[in-house]
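Single-structure report; data block below.
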Amino acid sequence: MRKSRVAPAKKGHKPASIRRKPKSTRASDPLNQRSAPSDLAPAKFRAIGHSLVDSVADFLARLPKARTASPLLPDAMRAKLGKRAMPEKGTDIAPIIDKFSRLFFDHSTHNGSPRFFGYITSSAAPVGALADLLAAAVNPNVGAWALSPIASEIENESIRWLGNFMGLPGKWDGVLVSGGNMANIVGFFAARKAKATWDIRAKGVADRESKRLVVYGSAEMHTWINKAADMAGLGTAAVRWIATDDEQRMRSDELRKRIVEDRAAGLYPFLVVGTAGSVGTGATDPLPEIAKICKEFDLWFHVDGAYGAPAVALDDASEDLKGLRLADSIAIDPHKWLYSSIEAGCLLTRHPDALRDAFAFKPPYYQFDDNEGQEVKNYFEYGPQNTRGFRALKIWLGFQQAGASGYRRMIADDIALAHRLHESVGEQELLEQGSVALSISTFRFVPADLRRRSHGDKVVTEYLNELNARIATALRLSGSAFVSNAHIEDRFMLRACIVNFRTTLADVQLLPVLIVAIGRDIDEKFRPTSLRRS
């Protein structure tokens, strides 16, 4: 934390704005009786707010039985919303909010539904809606402490609690960002600055002193790494996608081999990304082994734990997952598995100065009171954003509502339900089990007469891939449930991810039944003649 100082004013000098005499002080001056179109009188705000809170409460009450997604395709959705010219004059906002709220509730994808298994977007805790309302009312800019004193302190505490929850040793620091992509990218830039042997911030990556930087991650690594390499000027060719084993985990022997080869070729390895819960199957890389290799070659060890990191808090967490505590930096996404509302991502690092080294600038127009020499944390020095919203409040309130033990219980329940889903799939003759890891289960629909040819026959594999893709779309449009997909080798798999405190065993047991019914219907309609039984 740095101490910022305000340049002293010259003695006897008054700013021009103070020296000027007001043109008019008459009570009748319109600027003394200003009426702003964007304002709301307290009574009006109270009436609209009470009505909206009632509507939100009603929505949450019916959410367990609501459609998981709207059946409307894009053109129909646009028609439902209607097309309007930009208003020249304002109008009473109350009926507009009321009308839109009903459309919003009816025609959104409801990741809070207990049968939403599609992506790693959790059921948001209702307290997050209250937190965002409270944060927006004051509207602090959590870029500088002087602009957001209490909000900055809440963010400090929230970051500390996240580290404590994961059992991180020593003193870690961090910054809240929009989500997993941004948290990982911030970690990437911190690693780049820490490991470059030249002044990379001043001279960039094309200077004659620079070296060809390369980074490593598993073939299952999230594609945020491409964005980071592109944004940092390395180019996506600098990314080394390391082969995985049968459980979609990075092969550490292949990692070591590639690092040695790249160094021999005159390249400069600086970063290895280990995954704690891959987006496709929930796989966790052998993080302790990767940590040893990073230490041996003096590389920055970053863990993408955007999804899986919270599960390290469980007593039965795997040794691979516990290895994230050896990292130099970790990305965690509270709006994934800590049930915060979007947006809420976080980058944590064990190196206290790494973020300021990578992002801080000190322009003359950033002069903030140092509070009589007391240390403050100005978050604009810790990441790419200057203006920052108050994301921490929903995390802070969530921890106080649920407690660490409550989060551990909900995460453990999600994992248990994923395993029960895997078992239920195995009981269905027309479904084939794939993988199960953390709270993700993969599987696919396979007609009984094609099962023997489902592995190794290219024509059958291509048809099954198309068939299961159609099943996922039909299930989504039905509104009864929502799944996404994963690829395991050449197979398109249906993928169910459970990060939802509303999901029950009944929801999980219903899913295979729904998929079998839809699969039979689609197979009957679309199977090629060449694959039909004679």
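Please read these numbers as outputs of a predicted model, since none were measured by experiment.
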query: Who pairs with Arg160 by side chain to side chain donor-acceptor pair (under 3.5 Å), at least two apart in sequence or on another chain?
result: Glu157
task: Could you pull out all residues at least two apart from Tyr379 that satisfy ring-ring contact (aromatic ring centres under 6.0 Å, His included)?
output: Tyr382
field: Test ring-ring contact (aromatic ring centres under 6.0 Å, His included) applied to Phe359 - qualifying residues, sequence neighbours left out
entry: none
query: With sequence neighbours excluded, what pairs up with Phe492 under the ring-ring contact (aromatic ring centres under 6.0 Å, His included) test?
result: His487
task: Hey, could you give me each pair passing side-chain hydrogen bond (donor to acceptor under 3.5 Å, both in side chains) that has a residue in residues 234-243? Not counting sequence neighbours.
output: Arg240-Asp262
task: Could you pull out all residues at least two apart from Asp285 that satisfy side chain to side chain donor-acceptor pair (under 3.5 Å)?
output: none
query: Near Arg212 CZ, under 6.0 Å, is it more than 12 heavy atoms from other residues, nucleotides or ligands?
result: no
- request: Name all pairs fulfilling the ring-ring contact (aromatic ring centres under 6.0 Å, His included) condition that reach into residues 172-209, sequence neighbours left out, sorted by first residue then second.
  value: Phe188-Phe270
field: Under the ring-ring contact (aromatic ring centres under 6.0 Å, His included) test, residues paired with His110 that sit two or more places apart
entry: Phe59
field: Sub-6.0 Å ring centroid separation between Phe501 and Tyr339
entry: yes
Plane angle bin for Phe399 and Tyr407 - parallel if under 30°, tilted between 30 and 60°, otherwise perpendicular: perpendicular
task: Name all residues meeting the salt bridge (Lys or Arg N to Asp or Glu O under 4.0 Å) criterion together with Asp316; count only those two or more places apart in sequence or in a different chain, and write none if there are none.
output: none
message: Under the side-chain hydrogen bond (donor to acceptor under 3.5 Å, both in side chains) definition, can you give me all pairs with a residue in residues 183-194, not counting sequence neighbours?
response: Asn184-His302, Asn184-Asp304
- prompt: Do you know which two heavy atoms are closest between Thr284 and Arg249, and how far apart they sit?
  reply: O-CG, 3.2 Å
field: Arg409 atom CZ, neighbour heavy-atom count above 12 within 6.0 Å
entry: no
message: Applying side chain to side chain contact (heavy atoms under 4.5 Å, CB included) to Ile185 and Trp224, what does each step give before you reach the verdict?
response: CA-CA 7 Å; Ile185 290 171; Trp224 68 263; 4.2 Å; yes
message: For the residue pair Thr275 / Tyr307, report whether a side-chain donor-acceptor contact shorter than 3.5 Å exists.
response: no
Arg201, CZ atom: more than 12 neighbouring heavy atoms under 6.0 Å: yes
Residues forming a side chain to side chain donor-acceptor pair (under 3.5 Å) with Gln385, sequence neighbours excluded: Arg391
message: I need the single residue from Asn485, Thr473, Leu494 that forms a side chain to side chain contact (heavy atoms under 4.5 Å, CB included) with Asn468. Which is it?
response: Leu494
- request: Evaluate the side chain to side chain donor-acceptor pair (under 3.5 Å) criterion for residues Thr244 and Ser218: first the C-alpha distance (whole Å), next the side-chain angles of each, then the deciding distance (0.1 Å), finally the verdict.
  value: CA-CA 6 Å; Thr244 57; Ser218 85; over 6 Å; no
query: Can a donor-acceptor pair be found between the side chains of Glu289 and Ser252 at a distance below 3.5 Å?
result: yes
query: Arg325 pairs by side chain to side chain contact (heavy atoms under 4.5 Å, CB included) with which of Ile330, Val312, Val303?
result: Val312
Partners passing side chain to side chain donor-acceptor pair (under 3.5 Å) against Glu247 (at least two apart in sequence or in another chain): none
